Structures are given as C-alpha cells and as structure tokens.
Amino acid sequence: MIHLTIDHQPVCVEEGTTILEAARKANISIPTLCYHEDQQVKAVCRICVVEVEGMAQLPTACSTPAAEGMVVHTASPKVLKARKNILSLIFARHPQNCLACQKSGQCELQKVAQDVGIYKPATFDLELRATPDDNSSPSVRRNHQKCILCMRCVDVCEKIQGLHVMDKENRGFHSIVTTPYGKKLVDTNCVNCGQCIQACPTGALTIQDDRENIYHEMEKGKVLVVQVAPSVRVNLAEALGEAPGTVSTGRLVTALKRLGFRYVFDSDFSADLTIMEEGTELLRRLKGEGPLPMITSCCPAWVKYCETYAPDYTKHLSTAKSPQQMFGALIKTCFAEKEKVDPESICSVSIMPCTAKKFECKRPELADSGYQDVDYALTVQELARLIQTAGICFADLPDTPFDDPFGLGSGAGLIFGATGGVMEAALRTVHTVVTGRPMEKLEYLPVRGFEGIKSAEVDLDGTVVKVAVAHGLKNAKLLLDEIKAGKSEYHFIEIMACPGGCIGGGGNAPRTWKKVEARKKAIYEAEKELPVRQSHENPAIKWIYDNYLGEPNSHLAHKLLHTTYRNRQDLLR
Amino acid sequence: MMEELHVLLKNRDVIDPTSAQAYVDAGGYQGLRRALSLSPKEIIEEVRRSGLRGRGGAGFPTYRKMEFTSQAEDPVRYIVCNADEGEPGTNKDRILLSTDPCAVFEGMAIAARSVDAHVGFIYLRAEYSYLMPILEAALKSSKELGYIGKDILGSGFDFEIKFRSGAGAYVCGEETALFESIEGKRGEPRFRPPFPSIRGLFGKPTMLNNVETLANLPHILKNGAEWYRSIGTENSPGTKLFTVCGNVNRRGIFEFPMGINLKELIYDVCGGVPDGRQLLAVQTGGTSGAIINADQIDMTLDIDSVSASGGRLGCGTILVIDDSNCVVDIVLNNLDFFREESCGKCTPCREGGTQLYNLVRRISEGHGTVQDLENIESLAWTLRTTSLCGLGHSTAVPVLTSIQNFRDAYLRHIDKDFCPVCAQEGGHRK
C-alpha cells in the first residue's frame, strides 16, 4: 500500500494507482477530457495537471502513479492557472456558441469549463478549423471545429472495433482527426456503430439527428407507428438522468403516446419472430441446406462489416432480416391490412439503441412491403431529447402497456439487448423444437457476460451444436478469420458490433463498462419477470403464423422477413 | 589564445572514417576490449566514477541510465543512439559520425555490454542520409575485424547495429517519439513514467544516448575514469563539442574541456563579432536555449552553470547575435520553428506554440500591449510546466529568458518606438 497526501488529506492506495484514481478515492474530482475509464491513458489534453511537491513540472494526474509520501495539490492557484490557460487554448480553437450544439448540456468540455470557471471568451486569437462538416453518413455527423484531439474516438475505433476509420493527420496546430485522404465517412469502411460518438467528449461526433423529420411527418398527418427495441427500456431512463439500469417499459410507452405516436409496438415481438425464422433456418442448415456456421444478421454494423471485409462469406449470414426490418415489413403489410390503414400514410419509426439502424432502414432492398419498410430509426438519445422538448416529466409518468397486436414479446426477445442474448433465445426455441421439451434451465449462462468471445456446446439429444458469441468487431474478426481459414468448428455464431451488445450501443447515453454492466443486470432481471420466456410460446407469434405468414420460412415469410446481402469491398479501395 | 583539446575529434581528418583498421591503428576499440574483460557492473562503476553526463541536452548522468536499464526485469534490451540532430545550428553529431563513426559504434558496444543488450539502433536524422555510405562502410569494416557482430573478439558477446531513419521531424529527437518512429508509427512522444529504461523501444528496456555521449565511452574505458575526471569541471567532467554559429568571425565545431568561459570562446577563439558590430545577445543550447544579454556572457560553460542562467547547455550550440538583429525578431523566429515542429499531441504545445507566436508577432508588428506581454509570460509558463515532452517545455525558454533579459526591447515595440529590424516603416513589420 502507498500512503500519500492529496489536498491535505491522507490517502492510502494500492501500488500502481494513478493520482487521478487516488484522488477519486478521496472524493476529489480532477477534471479530465482525454481520460476515459475504459480506455488506455493518453495524457494528451493536460487538463488534469496537478502540483506535486518537489516536482518542477505539473504532472498529469491520469498518467502519474501515486508514490509513497507524495504530496499532491489538485487545485492550487498554480494548477488552476495552468488549467485555465489550457482550457483557453482549447476554446481558442472551438466554436463559442454552445447553444447551437447538439451536445450542449451533455458536453464534457462544457462541464469542465464550468467547473474550472471559464466565463469569458477565449483570451487567445480565435481560429477555427476550416475543414467542412461531414454529414454524409446516415449515422454519424462530424464537426472538425469542435474536435479537441483527445483521440478517444480513434482509440475505440481501432482497439475495440479494429476498423481504424479515423486517425490524426497533419502536425502541430494543423492536426486533425480525420478519415484516410479526408474521405467522407460514407465512403470509408465505417460501419456506423456509433462507438466513436459514445467516446467523444464534445460535439465533434454526434448522432445524425432525425427528430426534425418526425415533426415533419406529424405535420403531414402521417399515422405514426413506432416499435421499441429490447434494450431501449433499460437505457432510456438513464439518458434522461436516472440511474443506469433503470427499467422504464411502461413509462416509455406512455411518453411515446404523449409524443403523438398512434401505435406503440414492441420489437421483442419481432425478435421472437427472428428466432422463429433464424432458428428454422439453422435447423435446415444443420440438415445440410446451406453453409455452416450460420451467423446472426441482427446487427446492421456487423452486416456491413461482413459485406465490406468478407463479401464472399455473406452466405454464412442468416438470411433473416433484423427484428427492426421484420417489423417494418409487417407494419406496412399485415398491420395496415388488419387496421385498414393505407400503408402510404404510415410513418414507421423505430426507437433503437443503435446508430447503424439508421443506415439499415435506408438500405434500398429493405422495401418488401412496397414502401421503405422503416422510415426513421431514432436513437435512445434522440427520443430522450424529444421527451425533454415536449416537456414530459418522464420520472413521474404512469405505465401504459404496448398496443396490440404486436405488443407482446417474450423474455427471449428481450434479452436480444445483451451480448449472447440472441444465442440464448435461439437455443431455448431450437432445443424445444428438436427435443420436444424446453431446456431444463432457461438461463443459459455460458453465453452471458462480457468476455470477448464466448463458446459453448449444446447437446440436443445426440446432436451437438457448437455455438460462439462475439461482441466488438475486433473479436468478430477472429471468428471470421477462422471461417475464412476453414477452421471454424462452430455451427452457430452470434455477433454484435458494439461491446456488450445493444445495451452498449452507439445511440445510448455515453457508456462505460460499469454502466453497461448495470444495464445488463437490469435486462436479465426484467426478463425473469416476464410470463412468456420462449419465442415460440409467444401468443402473438402463434397468431401471426396462423393468420398471416403460414409457417416459419414459408413463401410469404421469405418475401417479407428475409433479405439478401451485397458486396461492399469497394469501400476498402 | 585557448588551445582546443581534441579527445572526440582526435581522428577528424586524420584517419579514413570508413576503415576500422585505421581506427584501430589510431588506438580505437581498446575501450571495448577492456569493457569485454570487465563485468557489466564494473563498466557501470567505471562510468559512474568518470562522472559522464548526457551530451544531448538534459545532462542526465549516463551511469544512472545504465543502471536502470541493466536492472530492468525484461531480459531483452536495446541500445539506441540518438543521431537525430535536429537542433538548428548544431552539427557536432554530423562531424562525429562522418569523421569517426567507429568511435560511436564502439561506444554503443560498450553501452550494450553494460546493460546486456544485443541489438543497437542508430536513429539517423533524415537530412543526414547522405552519411549512410560512410556509416555502412565503417560498420562493415568493423564487423570484418570482429569488433561488431557475433562473438565479439572471442568473448561470446554479440552485438548488432542497425540504422533507422525518420522523415525529418524535429520531435523525433525526443527519445520516446524516436522510439515510436523506429516502430513505424507517427513520431509522437509518450508520457512518462514508464521510463525508457523500463519500457522503451518495442516495449523493452532501452538505453538511449546521444552520439557524443556514446563517443565518450571508449575514451573513458580506455584511459580510465581518473583520466577523464582530470578534464573539465567537478560536476561536468570531460570535453564538450561546441557549435558556434551566428555573427562571429570564426564559426564551426570546437572541442574544449567543460567549463571554459563563454566570453573567451566568443572573443578569443572565434574572433568576436565581425564588421565592427556590437554583441547583442547569445543563445546557448540551440533554439530551445536561453537568450542572454551581452553583460551575462562572462560565464563558464558547463551543464550546471548554464542551467542556472535559465537555459541549458544542451547540445552545446552557441548562437551569437549582433546588434543588427532584434531580440523580438529572433524569438519570433524561434517560435515559428517550434510551432511548425510541434507534433500536435498535447494541447499546450499544439495550441500554445501558435498562440505564443501570434502574441509575439503582434508585439513585433507594433500592435502589442503590456497585457499581451503578461499573457505571453503566463502562457509560456503553462507550456513550460504542463507540456508532454521537451519540445513544449523548451518552446517557452527563449521567450521567458528574452523577456527577462531584454524586457526593454519588448517595451520598445509596445511603445511603437522605431525598431530597425522589425518595423522599418511606421511601426509595421516589413
């Protein structure tokens, strides 16, 4: 143990602890910008400098290990003077109109400026970068002027996703974080996962905002039909300031109704549908109809990754659409017919934890209903802003159930939100279909948790099915490389691009592993409470097959619920 | 007139630099021969007693680096020779490498022996790539004679030397940025700790030394620590290569014992300021050094005395400035260099370098205020104390020392008085 003094308080920490961690332990918060608790220490913004007695320089708290007998001052006049100067330097390159920024109120730079006490315009010459904004991507907006070169986005894109879409270019004052050759994001290998937005402390990377479009559709008098993804119910309350892991299913429906959405449906239902279709496909592939391993196709970022990096292997992807797109196809067909609504007048919206869903819903081939199946995908963050704008006090809302007929989802559908969830849900149904009886214990623990790649073997009365689950594209690449080398021993693989699965998605409130852990706990707790926990037992699923689709993988199901993939290798050129 | 003492330069223009045999005939590789007969501990002890300090800038005791590296846990270690001589106006390493490269190889081999490293890299400044034929020929020749390579002189000790070069960035002379560059990455410094002696090149314990430091090692091992200590001063033993440039009659590289007088160096050795001009200022240690005025030059040139003046002896560059120049203009020129060479990694240096330049330029153009001068001091202090690496720290040195020693020059510009250099017409920069 190491004993040191921070701001006149004696602190005792373990060896290897940094000054920053030691100070947090003593309830002293040192401002940071480039520091992110899930990432490697970078020590580039220099905002966390502290004074250590006996040192001529002011070391950064994030990178300097605490040492025995160290005497640290985290807010001495010297430190504050340095911090103010560094902040002034940052603000001399940063637009001064915080009001006109999507990140205002949630911006780490703004918060640090308030804490340090910058109330004046920058002391130094203001010089904004002239590089134009990049709004080309359907998911991510880039504003170079707001970038403070903390390198957090580069870190996550390179180390977690293995994509390295952006990095630093030029030197010194002219440094910018940008794509190779300054290409538009849409022309790069970006898969729209939005993890960079999660990492960005300022408004340099933001979600492509579709809120205005929703208001437009409302003005046009469209019938707003909305579906809510499984993980949204554990993420929305957090985005509105409540504790991570707060479940708000009922309040969420109430809020959507008050916002003017006529029908509020649950994507848990279409997740169940996905299990039916994908599970049936898996059984067929196991019998030799199609290549193994079969890989899930729920995650649009993963699908784009596969189309870009391994277009020859998209045959391994399940042809089943993602739950969002299955639902979209049904809303403008089955639902429109049943409710006698002109599909033309329907505006189909989805609430997603995901920025890549914005890209997915715009894919031209996903229009099997005769119209674009899903018109807009809104992220949790955008919905939270819609709720705030409408003056809805979310914390005090009463509960409302989802609408019929697609408002009922099973527990299997709900756990789609966490990594391993699709696998667990599929195994529950496949086990019953093959063996005729449900799994002894529905909770299948080997595929739960945040390990990068999880694998398991399931014995279905003699048929051993080997499965693997990966989250984060860097892990996915390992499994993909095995397939490419012909060495993959698995039958079924689940891949989610975002670390932790959808609960760690790019459209949520800014993540840390601790928060994602709380969300995971919440989603599994909520699942336990549900009356139906297997997809095939969901009455709504039974109803739709009996009354509309026929049976899983039927002709109509194939038309509406399955899709094709394309080659995007050109993006790598 | 003071006599030069040639220890490091003794082979300059005397032997064929590409021939290891010629080097051996002139007494070379005897230090390595002795080092191979000693244990690593004994080599380090010898270097400790010699009092050798780094010649690259910081003046860190060389034996300490050896000690730290030799005590590191990881058994794979590297020696790196920093030949990225980027400091404007400095040429000493070029002279050493082009006239006596074998001395550098020998120094590296001795250093390698002391820390049990088997691979050494010479990181050669990109602009010096024309030296490669000489270096490669000298290395080949040394290998043929068995002084470098496998089983050196039958001792069982292996040591390879490899050459690497960057793309010409000044910051790659900073040790950790140099490592990044050798690793093939963008040349940006790393934060410390961990120090290079624990985690350096390729994440392994690494001892990095300047060319001149390494060139000292053969002489220390050959002649002994006592001999070495008899040269120079108590705290800075040995000789030092000085590059004198600027407004003096005799410019060039001179080798003197540490502790010679700066005034004597300028006036006696280099013949003073030409054309009947007066001495205005001297910048010691290159662009990153302190700017002192003519009254302060009666000082001894050793590592500690120069540090006391607010700068550092650094690489031993003496820039002599006569009164046809303006200090504000010189500082502006320095800052222009630093803002161009900042790598852009940390905020103070990336943004602060340019803002300092803007502030000083405003003053030089006659638009400055006393408030600007205060902002300059505050900002320069911030760079000095919070930057990630030495580049940011040294950006502030010429600014702070010039304001201290030439405050009147700044005030003259603020008052819009006539400055023949900065503002020839009506208070505006030409």
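Here is the naming used below: chain letters follow the sequence lines, and residue numbers restart at 1 for every chain. Just so it is clear, the model here is predicted, and its values are computed rather than measured.
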- prompt: What distance separates Asp167(A) CG from Lys185(B) NZ, expressed to the nearest 0.5 Å?
  reply: 11.5 Å
task: Report the C-alpha separation of Glu340(B) and Arg171(A) in whole Å, then their side-chain angles, then the decisive distance to 0.1 Å, and conclude whether the salt bridge (charged side-chain N to carboxylate O under 4.0 Å, His left out) test is met.
output: CA-CA 8 Å; Glu340(B) 283 298 320; Arg171(A) 278 204 305 177; 5.6 Å; no
query: Side chains of Asn375(B) and Thr123(A): is there a donor and an acceptor less than 3.5 Å apart?
result: no
- prompt: Roughly how far, to the nearest 0.5 Å, is OG of Ser175(A) from NZ of Lys345(B)?
  reply: 12.0 Å
- request: Check whether any side-chain heavy atom of Thr354(B) lies under 4.5 Å from a side-chain heavy atom of Phe124(A), and answer yes or no.
  value: no
message: Quick check on Arg199(B): does its CZ atom have over 12 non-hydrogen neighbours (other residues, nucleotides or ligands) under 6.0 Å away?
response: no
- request: Mark yes when over 12 heavy atoms from residues, nucleotides or ligands other than Glu14(A) sit less than 6.0 Å from its CD; otherwise mark no.
  value: no
- prompt: Could you go step by step and tell me if Arg362(B) and Asp125(A) meet the salt bridge (charged side-chain N to carboxylate O under 4.0 Å, His left out) rule?
  reply: CA-CA 11 Å; Arg362(B) 207 180 300 160; Asp125(A) 293 351; 2.5 Å; yes
Proximity breakdown for Leu33(A) and chain B, heavy-atom pairs closer than 4.5 Å: neither
- prompt: Checking Arg186(B) against chain A: side chain, backbone, both or neither under 4.5 Å from a heavy atom?
  reply: side chain
- prompt: Glu169(A) versus chain B, heavy atoms under 4.5 Å apart: side chain, backbone, both or neither?
  reply: backbone
field: From CG (Asn170(A)) to SG (Cys343(B)), nearest 0.5 Å
entry: 12.5 Å
task: Mark yes when over 12 heavy atoms from residues, nucleotides or ligands other than Lys103(A) sit less than 6.0 Å from its NZ; otherwise mark no.
output: yes
- prompt: What residue, out of His174(A), Glu127(A), Lys42(A), has the most heavy-atom pairs lying under 4.5 Å from chain B?
  reply: Lys42(A)
message: Counting heavy-atom pairs closer than 4.5 Å to chain A, which one of Val171(B), Asp372(B), Thr385(B) comes out on top?
response: Thr385(B)
- request: For Glu68(A), look at atom CD and say whether over 12 heavy atoms of other residues, nucleotides or ligands are found less than 6.0 Å away.
  value: yes
message: Strictly distance-based, threshold 3.5 Å: is any side-chain N or O of Arg350(B) a donor or acceptor partner for the main-chain N or O of Gly172(A)?
response: no
field: Residue of the set Cys150(A), Cys34(A), Cys45(A) for which side-chain contact (heavy atoms from CB on, under 4.5 Å) holds with Thr347(B)
entry: Cys45(A)
query: Within a radius of less than 6.0 Å around NZ of Lys159(A), do more than 12 heavy atoms belonging to other residues, nucleotides or ligands occur?
result: yes
task: Grab the two heavy atoms, one from Ala43(A) and one from Leu388(B), that are nearest each other, plus how far apart they are.
output: O-CD1, 4.0 Å
Heavy-atom side-chain contact between Trp381(B) and Lys81(A) under 4.5 Å: yes
- line: Value for OG1 (Thr386(B)) from CZ (Arg83(A)), rounded to nearest 0.5 Å, stands at 11.0 Å
query: Do Phe173(A) and Arg339(B) have side chains that get closer than 4.5 Å, going by heavy atoms?
result: no
field: Side-chain heavy atoms of Glu188(B) within contact of Lys168(A), under 4.5 Å
entry: yes
message: To check you understand the geometry: which heavy-atom pair defines the closest contact between Gln355(B) and Leu89(A), and what is its length?
response: CG-CD2, 3.6 Å
